[in-house]
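See below for the structure under consideration.
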Amino acid sequence: MLNIILFGPPGAGKGTQSEKLIAHYNLVHLSTGDIFRANIKGETELGQLAKSYMEKGQLVPDEVTIRMLESEVNKHSSAKGFIFDGFPRTQAQAEALDNLLKSKNTSISKMLALEVEEGELKKRLLLRGKDSGRADDQAPSVIQKRIDVYNNETAPVKDFYGKQNKYCGVNGIGEIDVIFNALCKTIDSI
Ligand code: AMP
């Protein structure tokens with residue numbers, strides 16, 4: 001199996017590049033943010049809970065997020081592999097993902113991290129807020145909170161995969177296709 005974590009701060013381009021990667025490598029795309037948003041739209045209990053954290057720019061608690069991710073992985077027993085987008089965001093999530101994949105006799109192939117500096121992220125998120133209407137992309141204070149949460153809670157997850165020699169940083173600024181080709185080059189060298 002080919003199991004890729006597409007990592008990076010909010011606004012780095014994970015969603016855009018995931019769409020292209022799943023088509024190119026025939027993988028299943030699991031975006032925890034997308035799944036939470038679908039639950040909010042469907043007015044489920046999970047959606048209601050997630051919304052209270054998402055609108056403040058905070059992380060949804062690990063226990064809830066991990067349970068949801070595990071059930072999504074289990075829905076795709078014949079997948080050739082996965083792109084994990086927006087997960088794991090904490091050390092506990094990374095450990096849970098490793099254990100889950102191990103129980104299926106597979107593992108993470110690579111963590112690819114899109115690198116984009118903070119000023120550019122803020123510009124992109126505000127633009128996306130206007131275009132998509134995503135609530136958490138509208139208020140500068142919520143955007144700042146999400147970037148701070150990324151720096152404090154999520155960025156350390158790089159070390160978890162770095163220790164396994166699976167971490168690879170990729171420049172996330174430039175044309176979409178140029179970034180996509182750089183990601184493919186790294187994946188093809190696995
Ligand atoms: P995203 O679409 O990845 O930017 O995620 C939007 C929001 O969903 C985040 O700001 C969090 O509130 C929540 N979220 C998404 N993925 C996770 C995760 N792995 N752990 C905790 N919260 C998450």
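These figures come from a predicted structure and were not determined experimentally. When a ligand or atom number is given, it counts from 1 through the structure's own listing order. Numbering of residues begins at 1 and proceeds along the displayed sequence.
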Is there a nitrogen or oxygen of [X] sitting under 3.5 Å from a nitrogen or oxygen of ligand 1?
{"X": "Arg134", "answer": "yes"}
{"X": "Tyr53", "answer": "no"}
{"X": "Gln93", "answer": "yes"}
{"X": "Phe87", "answer": "no"}

Side-chain H-bond candidate by donor/acceptor type, [X] with [Y], under 3.5 Å:
{"X": "Lys122", "Y": "Gln144", "result": "yes"}
{"X": "Thr44", "Y": "Asn39", "result": "yes"}
{"X": "Gln93", "Y": "Asp62", "result": "yes"}
{"X": "Asp98", "Y": "Ser107", "result": "no"}
{"X": "Lys20", "Y": "Asn181", "result": "no"}
{"X": "Asp188", "Y": "Tyr25", "result": "yes"}

Enumerated ligand 1 atoms positioned under 4.0 Å from heavy atoms of [X]:
{"X": "Thr65", "answer": "18 (C), 19 (N), 20 (N), 21 (C)"}
{"X": "Arg37", "answer": "2 (O), 6 (C)"}
{"X": "Gln58", "answer": "11 (C), 12 (O)"}

I'd like to know if Ile108 and Leu2 are part of one continuous hydrophobic network [Ile/Leu/Val/Met/Phe/Trp/Tyr, side-chain heavy atoms within less than 4.5 Å].
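No, Leu2 does not connect to Ile108 through the hydrophobic network.
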To the nearest 0.1 Å, how far is [atom] from its closest protein heavy atom, and which atom is that?
{"atom": "atom 16 (N) of ligand 1", "result": "Thr32 OG1, 2.8 Å"}
{"atom": "atom 22 (N) of ligand 1", "result": "Val60 N, 3.0 Å"}
{"atom": "atom 23 (C) of ligand 1", "result": "Phe36 CE1, 3.8 Å"}
{"atom": "atom 13 (C) of ligand 1", "result": "Met54 CG, 3.7 Å"}

Answer with yes or no after comparing the ring centroid distance for His24 and Phe180 against a 6.0 Å cut-off, counting only values under it.
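When the ring centroids of His24 and Phe180 are compared, they turn out to be within the sub-6.0 Å range.
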Cationic N near anionic O, under 4.0 Å, Arg128 to Asp131:
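So Arg128 does not pair with Asp131 through a salt bridge.
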Minimum distance, heavy atoms only, to atom 19 (N) of ligand 1: which one of Pro10, Gly86, Ser52, Ser31 is it?
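Nearest heavy atom to atom 19 (N) of ligand 1 lies in Gly86.
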Of the choices Arg128, Lys14, Arg89, which has the non-hydrogen atom that lies closest to atom 3 (O) of ligand 1?
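Shortest heavy-atom distance from atom 3 (O) of ligand 1: Arg89.
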